[in-house]
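All of these numbers come straight from a predicted model, not from anything done at the bench.
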Amino acid sequence: MPPPPVDYAEFETYVRCGLQYRYRYGLGFHADLELDVGVRGRLAVMQALKGIANSEGSVKEVFLSAWSKYRLPTEGEDKTLWRDAVAALKQGITVIKTIDGKFCEPVTSVAGLYLNMPWGLRTDERFGSTVHLIRFSSRGAADIATLMRPMVNQLSTQGIRGLVLHNIMSDQTTSVAPSGALMKTKSAKAALRLIGQDFSPSIGRHCGRCSFMTSCPSQPR
């Protein structure tokens, strides 16, 4: 029996830094830096959109549940944050309705590592299906598409020919097709390292934004 799939968000963390992945998901360390209210607001909006796409309740119910989960201020406490979140939520709902697909959470594999893909909406066409993934913004879309291309290779065996990344802050979309050189990709190389339990730190610009910077042995003392 294969091991349980790794969530895509966790794999993305591992690609960035093996040690950060181990601290956060392997050892369960608490982050040195608390997520600011703006980031938590975006997470709440995306959580609410997932619930709406999956018909988990009314728009109001899923939004308030997500808002509470991320410990966000009430409308009276922060009108600007609330207003911006509601506006983003409405844009996201418009995207979901435009796609008009069926909620799904695909499982794929890369180089022997099983992965839970982010939730999306599956639309069926004559020559195969497309999974539409909803993101908050287009930031980093090209890098994410590159990381996901090898994941589409296995999805093709499930009748899924490609992915499309949508963001709720603009009309921009990014298509993701299968990789032509699977084992040479960044994803495949990272998957093999993770299977081999390689949790070496990766030093780079991301270190300045790392939630575990004070615990990392690679940081200067």
Side-chain angles (χ1 to χ4, degrees), residues 2-18 21 42-43 45-47 49-50 52-54 88 91-196 198 202 204-206:
V6 175
D7 285 345
Y8 173 79
E10 297 181 16
F11 182 67
E12 200 174 44
T13 298
Y14 181 82
V15 171
R16 186 163 53 247
C17 177
Y21 170 90
R42 291 193 288 274
L43 291 172
V45 168
M46 295 307 298
Q47 180 69 36
L49 289 174
K50 178 181 179 181
I52 292 165
N54 197 28
Q91 289 175 256
I93 292 172
T94 298
V95 172
I96 288 171
K97 288 181 177 179
T98 301
I99 295 169
D100 191 25
K102 184 178 180 180
F103 180 86
C104 66
E105 295 180 285
V107 177
T108 187
S109 65
V110 176
L113 180 72
Y114 285 84
L115 295 163
N116 289 319
M117 294 293 287
W119 69 272
L121 298 168
R122 180 169 176 161
T123 56
D124 298 320
E125 295 91 28
R126 182 178 178 184
F127 298 107
S129 300
T130 300
V131 173
H132 303 262
L133 305 180
I134 314 298
R135 304 182 65 248
F136 192 86
S137 75
S138 60
R139 182 178 180 182
D143 291 337
I144 292 171
T146 298
L147 197 62
M148 286 185 170
R149 284 190 66 196
M151 302 173 192
V152 180
N153 289 51
Q154 200 281 333
L155 288 175
S156 65
T157 66
Q158 304 173 38
I160 298 171
R161 63 180 182 178
L163 309 174
V164 178
L165 307 181
H166 299 256
N167 72 87
I168 64 175
M169 303 310 293
S170 76
D171 295 330
Q172 181 180 343
T173 61
T174 304
S175 297
V176 185
S179 172
L182 178 62
M183 297 310 295
K184 294 182 180 180
T185 63
K186 188 176 184 178
S187 291
K189 292 175 182 178
L192 291 173
R193 291 198 308 273
L194 181 52
I195 291 171
D198 180 355
S202 174
R205 289 184 298 175
H206 57 271

*Residues which pass ring pair (Phe, Tyr, Trp, His ring centres under 6.0 Å) with Y14, listed by chain and number, not counting sequence neighbours*: Y21
*For the residue pair V45 and I168, establish whether any side-chain heavy-atom pair is separated by less than 4.5 Å.*
yes
*Under the side-chain contact (heavy atoms from CB on, under 4.5 Å) criterion, do L163 and M117 qualify, and how do the steps go?*
CA-CA 11 Å; L163 309 174; M117 294 293 287; 3.8 Å; yes
_Quick check for you: to the nearest 0.5 Å, what is the distance between R193 atom CZ and L113 atom CG?_
11.5 Å
*If we only count heavy atoms from C-beta on, is the L115 to P5 side-chain gap below 4.5 Å?*
no
*Report yes if some heavy atom in the side chain of K186 is under 4.5 Å from a heavy atom in the side chain of V15; otherwise report no.*
yes
*Pairwise distance CZ(R161) to OG(S156) - rounded to 0.5 angstrom*: 12.5 Å
*Once you round to the nearest 0.5 Å, how far does CD1 of I144 lie from CZ of R139?*
10.5 Å
*At their closest point, which heavy atom of G120 faces which heavy atom of V131, and how far apart are they?*
CA-CG1, 4.3 Å
*At what distance, to the nearest 0.5 angstrom, does CG of L147 lie from OH of Y8?*
4.5 Å
_Nearest heavy atoms of T174 and A141, plus distance in Å_ = OG1-CB, 3.8 Å
*Can you tell me how far CG of N167 sits from CD of Q91, rounded to the nearest 0.5 angstrom?*
9.5 Å
*asked:* Is it the case that the side chain of T108 and the backbone of M151 share a donor-acceptor pair, with hydrogens and angles ignored and the cut-off at 3.5 Å?
replied: yes
*Which heavy atom of C17 sits nearest a heavy atom of S202, and at what distance?*
SG-N, 3.4 Å
*asked:* Rounded to the nearest 0.5 Å, what separates atom CG in D171 from atom OG in S138?
replied: 11.0 Å
*Which pair of non-hydrogen atoms, one from F103 and one from A53, has the smallest distance, and what is that distance?*
CB-O, 3.7 Å
*asked:* Run the side chain to side chain donor-acceptor pair (under 3.5 Å) test against D7 and tell me which residues pass, sequence neighbours left out.
replied: N116
*Please confirm whether the backbone N or O of P178 pairs with a side-chain atom of R149, one donor and one acceptor, at under 3.5 Å?*
yes
_Measuring only between side-chain heavy atoms, which start at C-beta, is K50 closer than 4.5 Å to E105?_
yes
*Can you name the closest pair of heavy atoms from F136 and A88 and give their distance?*
CE1-CB, 3.9 Å
*Check for a donor-acceptor pair, side chain of T185 on one end and backbone N or O of A181 on the other, with a separation under 3.5 Å.*
no
*asked:* Going by side chain to side chain donor-acceptor pair (under 3.5 Å), name the residues that satisfy it together with Q172, two or more places apart in sequence or in a different chain.
replied: none
*Kindly indicate, with the supporting measurements, whether the criterion side-chain contact (heavy atoms from CB on, under 4.5 Å) is fulfilled by L192 and M183.*
CA-CA 10 Å; L192 291 173; M183 297 310 295; 3.8 Å; yes
*Do the side chains of W119 and I134 get nearer than 4.5 Å, heavy atoms only?*
yes
*Below 4.5 Å, heavy atoms only, C-beta onward: do P118 and M148 meet side chain to side chain?*
yes
